[in-house]
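What's counted below: heavy atoms across the whole structure, side chains too, no hydrogens, waters or symmetry copies.
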Amino acid sequence: MTPKSKLRVVIAGGGTAGWMAAAALANTLGSAIDLTLVESDAIGTIGVGESTIPPLLLFNRLLGINEPEFMRATQATFKLGIKFENWKDVGDSYFHSFGAAGKDHWSAGFQHFWLAGLKRGHPHSFDDYSLELKAALEGKFAHLPDERMNYAYQLDSALYAKFLRGKAEGDGARRIEGRIAEVELDSASGEITALKLDGERRIEGDLFLDCTGFRALLIEGALHAGFDDWTHYLPCDSAIAVQTASVRPAVPYTRAIAHDAGWQWRIPLQHRQGNGIVFCSRYLDREAALERLLGSVEGEVLTQPNHIAYRTGVRRQQWHKNCVAVGLSGGFMEPLESTSIHLIQRAVLRLIRMLPGGKISPRDVTEFNEQTFTDMEQIRDFLVLHYKATNRRDSAFWRQCAAMAIPESLEQKIELFRETGRVFRKNEELFAENSWIQVMLGQGIMPTSYHPVADKLRQDELDRFLTMLRDGVSQTVAGLPQQMDYIANYCAAKQEMAA
């Protein structure tokens, strides 16, 4: 590429990753780049990334997406968090909600004042101070002034990809139908020069995005970027997904229900429910897992079971030579905390910020890889927390999880909280302090001390402070409509659009 020519960006693969990348690049850069996406209708996609987290709102807003239009097109419901069942103990549950609980002081988080309250006889749960949590459990939702309600979406990822395709093509992206037969490399530099398709067609480019999923045809198949396996931390390696017809109004949260060899998900959309089972094949075989899944779903089964084998880990080079891995080609963090679509978003927006204007800078490549690897390590630690901090010893799977060694970074986070009640968010870490607090408390990790600033409040001052916060949450939740009533007026999708 000469300095004055357009950057030729070629996206290999469609699906959620490919079309998120295409839509963002086309919307941001338009005619400043030459953008081509290659995909084959004959090749399926994983298509089970139905549960999202709040940063997706930013991505959609950057693309100028109208929220009601998007939600109608994707059958979306609102999501206020995840309910975890049977993780600490069989029969026990807790809720990881979006947003913040209570009110922080600049010197210490709200949990320190709540802990002081417990010591002084206040019996109330930490949950009582979370607006999103209390609204979710009552099935309620509404947009509030000053964006006080933090939320994400439960959506059909295949319909989201279709929706983004329309946006991308409207902004100038070009789609080519075809199966990639060969990745051509420059003999001197080792960089990708073109994708050779069936029928002898060649698609040349300067920068290639690998959105080919677990196959990783470019980043691994052609460039051999390498892979760090994290299954010793996250032992589940298989999943099965099915869709069922809705039998009751959708709740504004995802359910993650642990079983003796992994967990199951339930994700309610407007007219159907996404269901899946995640398991470790060492402790549960595929036939037994399918039987367990089908025996637990509600409503008519709408799809054939989608069997997914995976390996948790990360590509050693996310950007290697002139190829960038986006989505599953760059690695996989199991869907426990709904981070798959978020990692696509992070990769795409990071790439746009570092997009070369001429020759690719090795400094950009290094920075991109370091930032991405940090993202994935931090997410990995948060996921491992759910498995490690458990009282369960009722199966070989859970005994393995309880006994496994964990990363030092996670051990520091757990022990810091256990000893002091403190949590620190590092740099642009995805999960905020409140997320760590809710999961650690939910998994049974209780601090043994708290910040002395909480003792500055007299008994009557602490009583008024905690009561005021609880009452504020209760009054706000009481005034909210049921989620499905709100959706009916805001973004209801037609029944026949269901997958």
Side-chain angles (χ1 to χ4, degrees), residues 1-47 157-158 160-225 315 317-330 344 347-348 351-352 355-356 358-360:
M1 183 185 73
T2 61
K4 293 184 179 180
S5 65
K6 286 185 180 181
L7 179 72
R8 298 171 300 172
V9 179
V10 178
I11 301 173
T16 309
W19 286 113
M20 284 184 75
L25 284 162
N27 179 268
T28 305
L29 292 143
S31 60
I33 62 171
D34 182 280
L35 180 60
T36 303
L37 183 145
V38 178
E39 70 173 339
S40 171
D41 288 334
I43 299 176
T45 60
I46 296 296
S157 60
Y160 186 43
K162 180 180 178 181
F163 178 81
L164 291 175
R165 175 180 171 179
K167 292 281 296 179
E169 291 181 323
D171 286 332
R174 178 173 61 122
R175 178 190 182 273
I176 294 179
E177 165 68 27
R179 185 189 293 266
I180 299 170
E182 182 182 345
V183 180
E184 297 185 1
L185 304 180
D186 181 84
S187 59
S189 67
E191 292 189 345
I192 300 173
T193 55
L195 304 181
K196 187 176 180 181
L197 311 184
D198 290 340
E200 301 301 315
R201 291 173 296 167
R202 293 176 72 256
I203 309 299
E204 295 183 350
D206 305 303
L207 182 66
F208 293 81
L209 275 58
D210 188 339
C211 300
T212 63
F214 288 136
R215 294 172 297 152
L217 291 179
L218 281 62
I219 196 73
E220 189 61 43
L223 298 180
H224 311 295
R315 201 69 55 193
Q317 300 290 323
Q318 300 287 314
W319 185 342
H320 187 41
K321 298 187 183 294
N322 64 335
C323 178
V324 180
V326 178
L328 298 177
S329 63
I344 296 170
V348 170
L351 175 63
I352 290 175
L355 204 67
K359 184 179 178 181
I360 293 173

CD of Gln317 to SG of Cys323: how many Å apart, nearest 0.5 Å?
11.5 Å

For the residue pair Gly327 and Ile344, what are the closest heavy atoms and their distance?
CA-CG1, 3.7 Å

Go through Leu223 and Leu185 one step at a time and tell me if the side-chain contact (heavy atoms from CB on, under 4.5 Å) criterion holds.
CA-CA 9 Å; Leu223 298 180; Leu185 304 180; 3.9 Å; yes

For Phe208, what residues pass the ring pair (Phe, Tyr, Trp, His ring centres under 6.0 Å) criterion, not counting sequence neighbours?
none

Spacing of NE2 belonging to His320 relative to CD belonging to Glu191, to within rounding of 0.5 Å:
10.0 Å

For Leu7 and Pro356, work out which heavy atoms get closest and say how close.
CD2-O, 3.9 Å

Side-chain contact, heavy-atom cut-off 4.5 Å: Leu218 with Leu195?
yes

With side-chain contact (heavy atoms from CB on, under 4.5 Å) as the criterion, how do Lys321 and Ile192 come out once you've worked through the C-alpha distance, each side chain's angles and the decisive distance to 0.1 Å?
CA-CA 8 Å; Lys321 298 187 183 294; Ile192 300 173; over 6 Å; no

When you measure from the side chain of Asp186 to the backbone of Thr193, do you find a donor-acceptor pair of N or O atoms at a distance under 3.5 Å?
no

Determine the sole option in Thr36, Asp34, Leu35, Ile33 for which the side-chain contact (heavy atoms from CB on, under 4.5 Å) test with Arg8 is passed.
Asp34

Any Leu209 side-chain heavy atom under 4.5 Å of Leu25 side chain
yes

Ala22 to Leu37 - nearest heavy-atom pair and separation
CB-CD1, 4.1 Å

Does Glu182 use its side chain to pair, donor to acceptor, with the backbone of Lys196 at less than 3.5 Å?
no

Side chains of Thr28 and Asp171 in contact at under 4.5 Å (non-hydrogen atoms)
no

Asp41 and Arg175 ion-paired at < 4.0 Å:
yes

Going by the rule salt bridge (Lys or Arg N to Asp or Glu O under 4.0 Å), which residues pair with Arg202 if we only count those two or more places apart in sequence or in a different chain?
Glu184, Glu204

Contact summary for Ile11 and Cys211, nearest pair of heavy atoms:
CG2-SG, 3.8 Å

Heavy-atom donor-acceptor pair, Asp210 side chain to Ser329 backbone, under 3.5 Å:
no

Would you say the side chain of Met20 lies within less than 4.5 Å of the side chain of Val326, judging by non-hydrogen atoms?
no

Looking at every non-hydrogen atom in both residues, tell me the closest pair between Gly15 and Glu39 and how far apart they are.
N-OE1, 3.9 Å

Smallest heavy-atom separation, Ala168 atom then Ala26 atom, equals O-CB, 3.8 Å

Please lay out, stage by stage, how Ile180 and Leu197 fare under the test side-chain contact (heavy atoms from CB on, under 4.5 Å).
CA-CA 5 Å; Ile180 299 170; Leu197 311 184; 4.0 Å; yes

Can you tell me how far CG of Leu217 sits from CZ of Arg179, rounded to the nearest 0.5 angstrom?
10.0 Å

Residues at least two apart in sequence or cross-chain that pass salt bridge (Lys or Arg N to Asp or Glu O under 4.0 Å) with Arg165, listed by chain then number, are Glu169

